[in-house]
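Below is one structure, written out as structure tokens, with a few remarks after it.
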Amino acid sequence: MKQLLLSALLLLGATNAALAEKADSSKPTEIKFDNVDIDDVKQIQTFTGNVVLTRGTLLMKAAKAVVTQSAEGYQYATLTSVGGVPATFRQKRDGAGDQWVEGEAERIEYDGKIELVKLFSKARVKRIEGSKPGDVVEGEFISYDSRKEFFSVKNTPTGDSKPGAGRGTMVIQPSGVNAAPAASTPAVK
């Protein structure tokens with residue numbers, strides 16, 4: 001059980017870095033699940049049944065989550081959907097204001113060594129600021145490199161782009177700079 005809790009804490013510490021508010025790294029981790037199988041020899045924990053991982057502002061949900069650890073101590077997680085209910089994450093972004101990132105897909109993979117999040121099949125990521133609508137990107141595959149703050153969207157669930165395989169969609173909300181100017185008041189004569 002001690003190994004399980006340590007693995008879970010390390011996983012969320014690594015996951016936190018991907019889309020995180022910096023304060024989340026010092027928060028306690030809570031994992032709720034219906035069942036868990038632990039292989040301490042292979043460093044694999046398999047959580048099933050309404051898996052909910054919470055740490056600070058980070059909230060991840062899936063029907064199944066498999067957590068592994070490399071010999072170097074890096075954490076890797078794969079969250080998968082079942083029955084059409086996507087795996088999801090939500091986390092407050094660092095910075096001023098009420099900024100959040102949300103994502104969903106049939107499968108979400110996190111690589112703690114290089115801090116890369118990959119969303120496979122029916123992937124969607126959106127940025128939210130308060131109650132304003134945020135930017136949204138959808139595609140069959142989305143990767144996010146948190147170190148470089150770089151998104152990549154591909155048209156197949158394998159992460160490859162193939163001619164004719166489909167198209168992504170992105171909606172970018174207007175910024176304050178590009179927003180329409182307020183009506184001006186006529187000068188008084």
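- Two residues are said to be in side-chain contact when any heavy atoms from C-beta on lie closer than 4.5 Å; D39 and D37 fail this criterion.
- Linking ILVMFWY side-chain heavy atoms closer than 4.5 Å, directly or via other members, places L79 and F33 in a single hydrophobic cluster.
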Test I108 against F89 for side chain to side chain contact (heavy atoms under 4.5 Å, CB included), laying out the working first. CA-CA 9 Å; I108 299 174; F89 72 88; 4.0 Å; yes
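- Looking only at distances, a side-chain donor or acceptor of N155 sits under 3.5 Å from a matching main-chain atom of G166.
- The minimum heavy-atom distance linking P157 with F120 is given by the pair O-CD2, 2.9 Å.
- Atom-to-atom distance recorded for K42:NZ and Q69:CD is 16.0 Å, nearest 0.5 angstrom.
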Let me see the working for V101 and V125 under side chain to side chain contact (heavy atoms under 4.5 Å, CB included), right down to the final yes or no. CA-CA 7 Å; V101 173; V125 173; 4.1 Å; yes
Taking it one step at a time, do F47 and V67 satisfy side chain to side chain contact (heavy atoms under 4.5 Å, CB included)? CA-CA 8 Å; F47 301 91; V67 179; 3.9 Å; yes
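- Distance check: T80 OG1 to K64 NZ gives 5.5 Å after rounding to the nearest 0.5 Å.
- Inter-residue side-chain proximity for T48 and D34 is flagged as unmet; no heavy-atom pair is nearer than 4.5 Å.
- A cation-pi arrangement, defined by a distance under 6.0 Å to the six-membered ring centre and an angle within 45 degrees of its axis, is absent between R127 and W100.
- Salt bridge absent: R124 and E104 never bring a charged side-chain N and a carboxylate O closer than 4.0 Å.
- Ion pairing between a basic and an acidic side chain is recognised when a charged N comes within 4.0 Å of a carboxylate O; R107 and E109 show such pairing.
- The distance from the CD1 atom of I128 to the CD atom of E102 is 3.5 Å, given to the nearest 0.5 Å.
- The distance from atom NZ of K61 to atom CZ of R90, rounded to the nearest 0.5 Å, is 10.0 Å.
- The side-chain heavy atoms of T169 and V137, taken from C-beta on, include no pair separated by under 4.5 Å.
- Closest approach of A65 to V51, counting heavy atoms only: CB-CG1, 4.0 Å.
- Residues V153 and I142 share a closest heavy-atom pair of CG2-CG1, 4.1 Å.
- Linking ILVMFWY side-chain heavy atoms closer than 4.5 Å, directly or via other members, places V66 and V52 in two distinct hydrophobic clusters.
- Taking NZ of K132 as the reference point, atom CD of Q173 lies at 9.0 Å (rounded to 0.5 Å).
- Closest of all the heavy-atom pairs between F141 and T156 is CB-O, 3.3 Å.
- Under the 4.5 Å side-chain heavy-atom criterion for Ile, Leu, Val, Met, Phe, Trp and Tyr, L53 and V36 are members of the same hydrophobic cluster.
- Residue N50 qualifies as open at atom CG: its count of foreign heavy atoms under 6.0 Å is 12 or below.
- In terms of heavy-atom proximity, S161 sits nearest to K154 at OG-CD, 3.3 Å.
- With hydrogens and angles disregarded, no donor-acceptor distance shorter than 3.5 Å links the side chain of S81 to the backbone of P86.
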